[in-house]
Amino acid sequence: MKRILSVFFFISLFHLSLLAGSIGKLNVLRCEYLVAPLGIDVPSPRLSWQLPVDVDVQEAYQVIVGTDSVRVAQGMGDSWNSGKQTISNVLTVYAGQKLQPYTRYYWKVCVWDSNKMYTSDVTYFETGVMDEHNWKGNWISDTHNIHLKPAAYFRKEWDAKRTIREARAYIAVAGLYELYINGSRVGDHRLDPAYTRFDRRTLYLTHDVTQLLKQGNNAIGVLLGNGWYNHQSTAVWNFDQAPWRGRPKFCMDIRVVYDDGKVEFISTGQDWKTSLSPVIFNSIYTAEHYDARLEQPDWNTPGFDDKKWKNASCTSAPSPLIVSQQMHPIRDVEMLRPAKMIKLSDSIYLFDLGRNIAGVSQLTIKGKPGTEVRLKHSERIGEDNRADMSNIDYHYRPTDDSDPFQTDIFILSGTGEETFRARFNYKGFQYVEVTSSEPVELTDNSLKAYFMHSDVPVAGRISSSDELLNKIWKATNAAYLSNLFGYPTDCPQREKNGWTGDAHIAIETGLYNYDGITVYEKWMADHQDEQAPNGVLPAIIPTAGWGYHWGNGVDWTSTVAIIPWNIYLFYGDKHLLESMYDNIRRYVDYLNYTYPSGITDWGLGDWIPIKSHSSKELTSSIYYYVDTDILAKAARILNKQQDYEKYSALAQKIKNSINARFLNEETGIYCGGSQTELSAPLYWGIVPEHLKELVVYNLAEKVSKDGSMDVGLLGSKTILNALSANGYADLAYQLASKETYPSWGWWIKNGATTLYENWRIDGKKDISLNHIMFGEISAWYYKALGGLYPDSSMPGFKHIILRPNFVAGLDAFEASHISPYGEIVSSWKKNRGKVQYTITIPSNSSATLYLNEAYKIECKEINAATLSAMRKKGGGIELLTGIYHFEIKTK
């Protein structure tokens with residue numbers, strides 16, 4: 001009967017397609033925001049798709065999921081058939097039969113608009129272990145303690161008696177790993193698994209290893225690195241004192257399916273062999289040391305003599321929760337050759353990459369056996385052309401000279417040309433100083449570098465007639481990516497810490513430019529792991545324990561609310577808001593209990609200001625309001641009416657308290673009237689409506705009087721936005737495009753290729769040259785100049801708000817952003833007193849364009865009468881899917 005119904009459905013679907021006209025193709029099918037992912041272990045994965053260009057409105061969709069690709073292609077799914085849903089969303093949640101582990105599920109989508117049906121090709125997702133009870137292997141390690149420096153090899157040989165149809169490796173690691181099969185490294189990821197609170201949650205990876213295995217004898221090899229699990233370097237954040245710390249360990253199941261359908265697991269246990277490797281030291285924080293004389297050739301291939309190796313030891317799991325790592329991985333994204341090389345002597349060479357990156361260098365060299373080569377990585381060089389690390393090693397606390405900061409050590413075997421790169425470390429650098437204990441001959445081609453980061457897809461693009469603007473945008477993106485390693489960090493050299501304040505300031509920059517949801521969802525799970533029972537969060541996440549008593553005020557740890565809210569705005573997906581709701585609520589409840597007046601000074605304040613010091617009470621209280629307001633909005637979205645009323649009232653109380661305490665209503669001045677004190681209340685919606693014009697006038701006057709920007713971190717988020725959103729876009733652009741101190745342009749003028757930690761550039765210590773914390777400017781380009789804003793009432797850019805500013809001093813500008821519905825483009829060019837403005841609204845979306853009422857407007861695609869009628873209503877110009885060409889006569 002089930003088969004008959006499936007055939008009937010297929011025939012019905014065919015007839016529907018005939019009635020609808022020709023069939024088009026859908027694009028970009030994703031499961032959990034990944035294309036054809038392996039190792040899915042959530043019971044109800046999210047499925048999404050993108051419509052072809054020029055589909056006005058999706059009127060209905062149908063999702064079909066099954067284990068047989070042919071039947072799914074025919075419209076028959078044995079796992080789930082959503083039926084025809086009259087919904088315009090391009091995101092749904094699997095609601096079919098219970099997903100089974102180790103199973104490939106095929107799926108497709110059919111979509112209808114008013115006169116046509118669109119269908120996708122068949123794609124798939126594959127489940128992983130799904131349940132901790134499905135693991136077959138033991139957790140294993142070697143017998144050494146946490147202080148032993150050399151990394152461990154592990155190996156096992158295994159004989160496949162029959163032809164292999166498919167094979168998957170499921171590997172969970174406390175530490176870092178490289179997996180090899182028959183001598184070949186598995187996959188192209190780096191630094192797996194991602195850093196977590198190891199005693200609370202450990203991640204596993206899934207690899208398709210079908211092509212690496214063969215019938216007959218096979219060898220499996222694993223090299224384990226310390227990562228953040230066994231941190232041996234010492235610094236002020238006490239990584240070496242982590243409560244979870246232990247010798248790296250792992251658990252692995254290789255599930256093999258033979259041609260006859262039989263299944264075999266090759267799993268970790270005491271029968272695995274272990275030995276120390278040539279990686280004689282590795283630290284995710286400092287560097288890596290390798291002694292090529294200790295190499296054991298072919299250690300990961302069949303037939304290797306491992307009689308001298310010891311048996312592995314079974315040990316306990318590091319945490320009770322082993323879950324699949326489902327996010328865009330860290331990769332070698334770009335390879336760089338040096339821009340120049342300077343030979344200082346026959347044993348000292350300096351390589352200049354020409355730009356600042358995060359990643360590793362790779363050296364190819366010949367020399368005598370035992371020659372020690374040091375690769376010192378720095379952001380600056382001294383007048384003597386030697387590497388200078390005084391600006392980035394300030395917080396390092398070495399106990400001896402055996403672990404030099406950002407300095408790899410390579411000891412040559414002397415067997416000919418040798419190549420070295422760090423496996424379990426990354427650094428922030430532009431220069432590599434190579435010194436050797438014996439003379440060596442190096443050339444420009446001896447060294448190359450790899451820019452590494454979480455390989456998130458590009459989602460946005462900026463171009464303009466101003467080369468400085470373009471360079472600032474590129475530098476901001478480079479700094480953002482340099483600080484994305486499975487979690488957002490502050491800098492890739494001195495700290496590598498997940499500073500909360502830096503991350504929420506840069507969240508819009510991240511989401512306009514990159515498809516980063518998978519990394520942020522992972523990081524929010526880290527927040528859940530770190531949140532104390534009373535709701536308090538640490539300043540850095542993850543943490544080994546540091547940050548619960550300093551740096552974690554409201555202005556920093558507002559990540560718990562601000563990031564889920566922005567994910568909701570950009571993706572139209574309420575999943576993260578829902579999963580984080582209780583965490584946000586506990587956080588706000590703690591604030592309400594501790595600061596019942598609505599005023600708090602808990603925080604770091606406007607960090608690294610230029611001259612003026614703004615009221616910490618004001619800025620922290622504003623973030624108290626922001627978090628509470630987000631909680632109230634989340635409660636409404638999630639249909640928690642009682643909470644919505646409760647927290648809406650609390651948010652209003654906090655706002656009233658802020659204005660009563662800090663606002664002089666007669667003058668329109670908050671506190672002492674610094675740029676941050678005026679812009680923060682404007683940006684975050686604190687200022688009473690009737691006083692906005694006065695407050696922003698005061699801000700503009702203050703900026704004009706100061707002649708430059710005068711803000712720290714919190715003000716860098718608000719200053720440009722507050723001006724441009726309230727009638728002073730030209731003044732904001734003047735600040736954004738300055739080339740004198742203090743400004744982003746000042747950095748670029750002085751050679752910056754990434755953003756700096758401090759507006760000053762002459763500091764001798766503790767001044768990173770690759771920080772993201774002042775990175776809001778990239779998002780500001782999209783918002784103020786491109787005018788692209790998500791609409792909280794129709795999130796995910798289902799409805800787009802367009803408020804472009806054709807600022808004085810800029811002749812042309814274009815911003816594009818790939819939303820869940822497709823690419824949005826806002827492009828304008830000035831020509832003889834007019835602006836040619838082109839807008840692309842993607843399929844299944846709409847937009848409202850707001851322009852100055854004084855502008856005279858024509859549009860090729862909208863007749864004059866209709867355009868006039870829209871403008872007379874007092875609102876914006878309503879636009880549906882399509883490309884629009886406006887001619888605008890400005891003042």
Side-chain angles (χ1 to χ4, degrees), residues 39 41 128-129 131-158 169-181 186 191-207 219-232 239-255 265-277 279-284 299-300 306 308-325 423-424 529 542 544-545:
D41 67 357
V129 179
D131 188 296
E132 62 181 13
H133 298 102
N134 291 326
W135 286 95
K136 307 293 188 294
N138 290 297
W139 280 85
I140 62 172
S141 184
D142 58 12
T143 57
H144 301 290
N145 66 33
I146 59 175
H147 302 295
L148 185 74
K149 291 184 177 181
Y153 279 150
F154 296 83
R155 76 182 307 273
K156 177 183 174 63
E157 290 197 29
W158 154 75
Y170 305 95
I171 180 168
V173 180
L176 299 171
Y177 75 92
E178 286 189 344
L179 171 62
Y180 297 85
I181 292 181
V186 175
L191 303 177
D192 272 338
Y195 179 23
T196 59
R197 176 73 187 249
F198 290 103
D199 54 352
R200 294 178 183 169
R201 182 170 51 103
T202 310
L203 303 179
Y204 76 87
L205 278 295
T206 302
H207 298 283
I220 308 160
V222 173
L223 172 62
L224 292 187
N226 287 320
W228 296 98
Y229 182 67
N230 184 35
H231 207 284
Q232 295 175 322
F239 303 130
D240 61 309
Q241 299 174 32
W244 59 70
R245 193 176 164 193
R247 184 75 173 161
K249 60 179 77 174
F250 76 107
C251 178
M252 181 166 65
D253 289 334
I254 297 181
R255 183 178 184 270
F265 282 88
I266 298 88
S267 302
T268 45
Q270 282 184 304
D271 58 336
W272 283 59
K273 293 294 192 73
T274 183
S275 172
L276 298 181
S277 76
V279 180
I280 56 175
F281 174 77
N282 69 98
S283 168
I284 189 72
W299 70 273
N300 48 20
D306 60 10
K308 294 182 180 179
W309 288 35
K310 297 179 180 180
N311 286 89
S313 298
C314 292
T315 184
S316 60
S319 70
L321 187 61
I322 313 296
V323 297
S324 179
Q325 177 174 304
R423 292 168 167 83
F424 301 124
D529 289 342

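The first residue of the sequence shown is numbered 1, and numbering continues consecutively from there. Quick note: numbers below take in every heavy atom, side chains included, and nothing from hydrogens, waters or symmetry partners.
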Interatomic spacing from [atom1] in [X] to [atom2] in [Y] - rounded to 0.5 Å:
X	Y	atom1	atom2	value
Thr202	Glu132	OG1	CD	11.0 Å
Trp309	Leu276	CH2	CG	9.5 Å
Gln325	Arg201	CD	CZ	9.5 Å
Phe154	Trp299	CZ	CH2	10.0 Å
Asn226	Ser283	CG	OG	7.5 Å
Asp529	Arg197	CG	CZ	8.0 Å

Under the side chain to side chain donor-acceptor pair (under 3.5 Å) rule, collect the residues that match up with [X], sequence neighbours excluded.
X	value
Asn134	none
His133	Asp131
Glu157	Arg155, Asn217

Leu223 and Phe424: CA distance, side-chain angles, deciding distance, side chain to side chain contact (heavy atoms under 4.5 Å, CB included) verdict:
CA-CA 10 Å; Leu223 172 62; Phe424 301 124; 3.8 Å; yes
Between the main-chain N or O of [Y] and the side-chain N or O of [X], is there a donor-acceptor pair closer than 3.5 Å?
X	Y	value
Thr206	Tyr170	no
Asp199	Ser319	no
Arg245	Asp240	yes

Side-chain contact test, heavy atoms from C-beta onward, threshold under 4.5 Å: evaluate it for [X] versus [Y] and give yes or no.
X	Y	result
Pro318	Tyr229	yes
Thr196	Pro542	no
Asp271	Lys156	yes
Tyr153	Val222	no

Smallest separation among heavy atoms of [X] and [Y], with atom names:
X	Y	result
Asn300	Ala219	O-CB, 3.6 Å
Gly227	Ile284	O-CG2, 3.5 Å
Ala152	Ser277	N-OG, 4.5 Å

Does Ile220 form a side chain to side chain contact (heavy atoms under 4.5 Å, CB included) with Ile266? I'd like the steps, not just the answer.
CA-CA 10 Å; Ile220 308 160; Ile266 298 88; 3.7 Å; yes
Could you tabulate the donor-acceptor pairs under 3.5 Å formed by side-chain atoms of residues 171-180, not counting sequence neighbours?
| from | atom 1 | to | atom 2 | distance (Å) |
| --- | --- | --- | --- | --- |
| Tyr177 | OH | His207 | NE2 | 2.7 |
| Glu178 | OE1 | Tyr180 | OH | 2.5 |
| Glu178 | OE1 | Arg423 | NE | 3.3 |

Residues that Ser324 engages under side chain to side chain contact (heavy atoms under 4.5 Å, CB included), provided they are two or more places apart
Asp41, Tyr204, Gln326
Take Leu203 and Asp192 through the test side chain to side chain contact (heavy atoms under 4.5 Å, CB included) and record every step on the way to the result.
CA-CA 9 Å; Leu203 303 179; Asp192 272 338; over 6 Å; no
Using distance only, find each side-chain donor-acceptor pair of residues 247-255 under 3.5 Å and give its atom names and separation, not counting sequence neighbours.
| from | atom 1 | to | atom 2 | distance (Å) |
| --- | --- | --- | --- | --- |
| Arg247 | NE | Asp142 | OD1 | 3.0 |
| Arg247 | NE | Asp142 | OD2 | 3.3 |
| Arg247 | NH1 | Leu148 | O | 3.2 |
| Arg247 | NH1 | Pro150 | O | 3.2 |
| Arg247 | NH2 | Asp142 | OD2 | 3.0 |
| Arg247 | NH2 | Pro150 | O | 2.8 |
| Lys249 | NZ | Ser316 | O | 3.0 |
| Asp253 | OD1 | Gly137 | N | 2.8 |
| Asp253 | OD1 | Ser267 | OG | 2.7 |
| Asp253 | OD2 | Lys136 | N | 2.8 |

Can the ring centres of Trp228 and Tyr195 be said to be less than 6.0 Å apart?
yes
Any chance the side chains of Gln270 and Asn138 put a donor and an acceptor closer than 3.5 Å?
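No, because no side-chain N or O of Gln270 sits under 3.5 Å from a partner of the opposite role on Asn138.
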Go through the steps for Ile322 and Trp135 under the test side chain to side chain contact (heavy atoms under 4.5 Å, CB included), then give the verdict.
CA-CA 10 Å; Ile322 313 296; Trp135 286 95; 4.0 Å; yes
